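In what follows, a single structure is set out as structure tokens and then discussed.
What you are looking at is a predicted structure, and each value in this text was computed from that prediction instead of being measured. To find a chain, count down the sequence lines: A is the first, B the second, and so on, and within it residues start at 1.
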2 protein chains.
Amino acid sequence: MASKLLMEKGLSDVGRGKGAGQREPSRALEPVNNRMPISPQIYERLRRAITTLVMLPSEALSEQDLAQQLGVSRTPVREALIRLADEGLIDILPQRGSFVAPIRLSDVEEAQFIREALEVSVVQRLAGHASQAFIASVRANLEMQRKAVAEGDRELFLELDEAFHRRLCEEAGLPRSWRVIQVVKLQMDRVRYLSLPEPGHLETLLAQHVEIFEALEAGEAKQAGARMTAHLREVLRTVQRLNLARPDFFGR
Amino acid sequence: MASKLLMEKGLSDVGRGKGAGQREPSRALEPVNNRMPISPQIYERLRRAITTLVMLPSEALSEQDLAQQLGVSRTPVREALIRLADEGLIDILPQRGSFVAPIRLSDVEEAQFIREALEVSVVQRLAGHASQAFIASVRANLEMQRKAVAEGDRELFLELDEAFHRRLCEEAGLPRSWRVIQVVKLQMDRVRYLSLPEPGHLETLLAQHVEIFEALEAGEAKQAGARMTAHLREVLRTVQRLNLARPDFFGR
DNA sequence: TGATACACACTACCATGGTAGTGTGTCAAT
DNA sequence: ATTGACACACTACCATGGTAGTGTGTATCA
């Protein structure tokens, strides 16, 4: 039973606090929509537990257990599991059980394909149409990335990395595309989480970000796309190494 | 109250029958996984009701009502609604109500963008790598499309159209990509459902299918991609017309 | 007439009980 | 030692009760 582990890693005690770490705006008279249902919160926690490998691939779950550990009833847990199954992070076998999906090479490769198709199109659309505010904010982001790398703060770098890619979609006016990317990216997040402690890796990623940005700023659509392709394919190298190092995480 | 309408259109009486019209294989010793939970069936029915405009945009729903009309409890209905909300077909306002999402121009356009990015990549990857079995099956599909057009069977043509595009993804070994396309396509399906009775439209689509196929067969990746782009953009013309004809279906 | 307090009728939401289906271990018979 | 039957523990699944939150209509007061 892995319940203790989950507890210690901070899975329990939901609490009706604020949603995903958003900054509190200093303006009064906000829409007050903080009364968020807890079901999405459960989803969020479980998703994080999976992508950070707190819950290991192929591990058996159960609505009952998770509900107890999280301190809520089975219903919101079940709803979260269904959603995670939709996204391919969990396999639900009717009347048998729910299991953390093993890392499937085919899924990772296809996620890579989807992400590449979308993000390349995004930067190509964006090239030459970037606003000044956008340029400035991305430049600031890249500067923070540089600091994170210098300080060796991998966690922070990951967040900035994500923000960088999300920002591109937002500027292009494509929020739903980012949602899709976010979902398929989940397949790779587990891989990346393991692969971080590789020397020089963060530097490579940062350099690629800068190159993409420069092509974008210069309005060179084709080059921006090509560089994005090269950048995203970095992950594939990682998954190959990991497949050899930890074959027990992988499945059919 | 639109309950009567829904009943008559075949929304009620779920029944634990077979899943989505699959052919029964004549081999013994099959996995027998026909004991499908009814929750996905409810989802399927609601989805169809929305895309075929049995349930109109902005129409108010309620777990309670739907459960009664469908003859099941509120739980599977709720689960279906959550999934539909995830896919952007339903807006759930906590503690207030659930509503069929209005057709949003921005959503339709972005769905178009996503689909284009993906499907163009698919045909480019596929060009020149198509198996003989694939060539044959697509050829058969196109022949059936021709018949459907000749007989003016719009419903059948839509199915064959969908099968055509799905087949491309399958042959490319990209089932998840088809899933993504399927989801974003939902945004356009409502539009298409209204726009069918336009003279010469089916002929145009069929001709485009043939052109894509020929480029694919000839291994001309670039041209296949270009033709797919042109093909998919047909929908945009439709949505513009419809926006003028039925502005009440559209929202923010 | 206009604004305000309030009761009511809804909603989605979470909790919980009951059930059919499935795997597993135990024990008997071969 | 292998196989088979059977009881049991476990699962996801659906049904249903209770509750907090929200909009709306309706009296009451200025």
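Distance, B:Leu93 CG to C:dC10 P: 18 Å, rounded to whole Å. In this structure, CG of A:Leu66 is placed 16 Å from P of D:dC10, rounded to the nearest angstrom. The nearest whole Å value for the distance from the CD atom in B:Glu79 to the P atom in D:dC13 is 8 Å. Protein atom CE of B:Met36 is 12 Å distant from nucleotide atom P of D:dC13, rounded to whole Å. In this structure, CD of A:Gln68 is placed 10 Å from P of D:dT11, rounded to the nearest angstrom. Rounded to whole Å, atom P of D:dA15 lies 13 Å from atom CD of B:Gln64. Here the P atom of nucleotide D:dC13 and the CG atom of A:Leu61 are 13 Å apart, to the nearest Å. Regarding B:Phe99, its CZ atom lies at a distance of 11 Å from the C1' atom of C:dA12, rounded to whole Å.
In this structure, A:Trp178 and A:His165 have side chains that are in contact, with non-hydrogen atoms separated by less than 4.5 Å.
Contact annotation for B:Ser62: backbone-only contact, meaning every heavy-atom pair under 4.0 Å involves sugar-phosphate atoms and none involves a base.
Shown here are the side-chain contact (heavy atoms from CB on, under 4.5 Å) partners of A:Ala172, two or more places apart in sequence or in another chain: A:Val122, A:Arg125, A:Leu126, A:Leu174. Remark: B:Glu234 engages B:His201, B:Thr204, B:Leu205, B:Gln208, B:Arg237 in a side-chain contact (heavy atoms from CB on, under 4.5 Å) (not counting sequence neighbours).
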Table please: side-chain donor-acceptor pairs of residues 181-191 of chain B below 3.5 Å, with sequence neighbours left out.
residue	atom	partner	partner atom	Å
B:Lys185	NZ	B:Glu162	OE1	3.0
B:Lys185	NZ	B:Asp189	OD1	3.2
B:Gln187	NE2	B:Gly88	O	3.1
B:Arg190	NH1	B:Ala101	O	2.7
B:Arg190	NH2	B:Ala101	O	3.1

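Across C:dA15, C:dC13, D:dA12, the shortest atom-to-atom separation from the side chain of A:Glu63 is found for D:dA12.
A donor-acceptor pair under 3.5 Å is absent between the side-chain atoms of B:Glu63 and the main chain of B:Val77, judged by distance alone. Side-chain N or O atoms of A:Glu171 include one that pairs as donor or acceptor with a backbone N or O of A:Ser131 at under 3.5 Å.
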Polar-atom pairs under 3.5 Å, protein N or O versus N or O of nucleotides 23-25 of chain D: list them with distances, or write none.
residue	atom	partner	partner atom	Å
D:dG23	OP1	B:Arg96	NH1	3.4

Using atom names, set out every protein N or O paired with an N or O of nucleotides 17-20 of chain C below 3.5 Å, distance rounded to 0.1 Å.
residue	atom	partner	partner atom	Å
C:dG17	O6	A:Arg74	NH2	2.5

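In this structure, A:Arg78 reaches the D:dC14 phosphate: one of its side-chain N or O atoms is under 4.0 Å from OP1 or OP2. The phosphate of C:dC13 (OP1 or OP2) has no side-chain N or O of A:Ser39 nearer than 4.0 angstrom. For A:Ser73, no side-chain nitrogen or oxygen approaches OP1 or OP2 of C:dC14 to under 4.0 Å.
Listed by first and then second residue, the side-chain hydrogen bond (donor to acceptor under 3.5 Å, both in side chains) pairs involving residues 95-108 of chain A are A:Asp91-A:Arg104 (not counting sequence neighbours).
In the interface, the side chain of A:Thr75 is paired with the base of C:dT16 through a donor and an acceptor atom under 3.5 Å apart.
Checked for salt-bridge contact, B:Arg47 and B:Glu87 miss the test: no charged N lies under 4.0 Å from a carboxylate O.
Looking only at atom types and distance, the side chain of B:Arg167 has a donor-acceptor partner in the side chain of B:Ser137 under 3.5 Å away.
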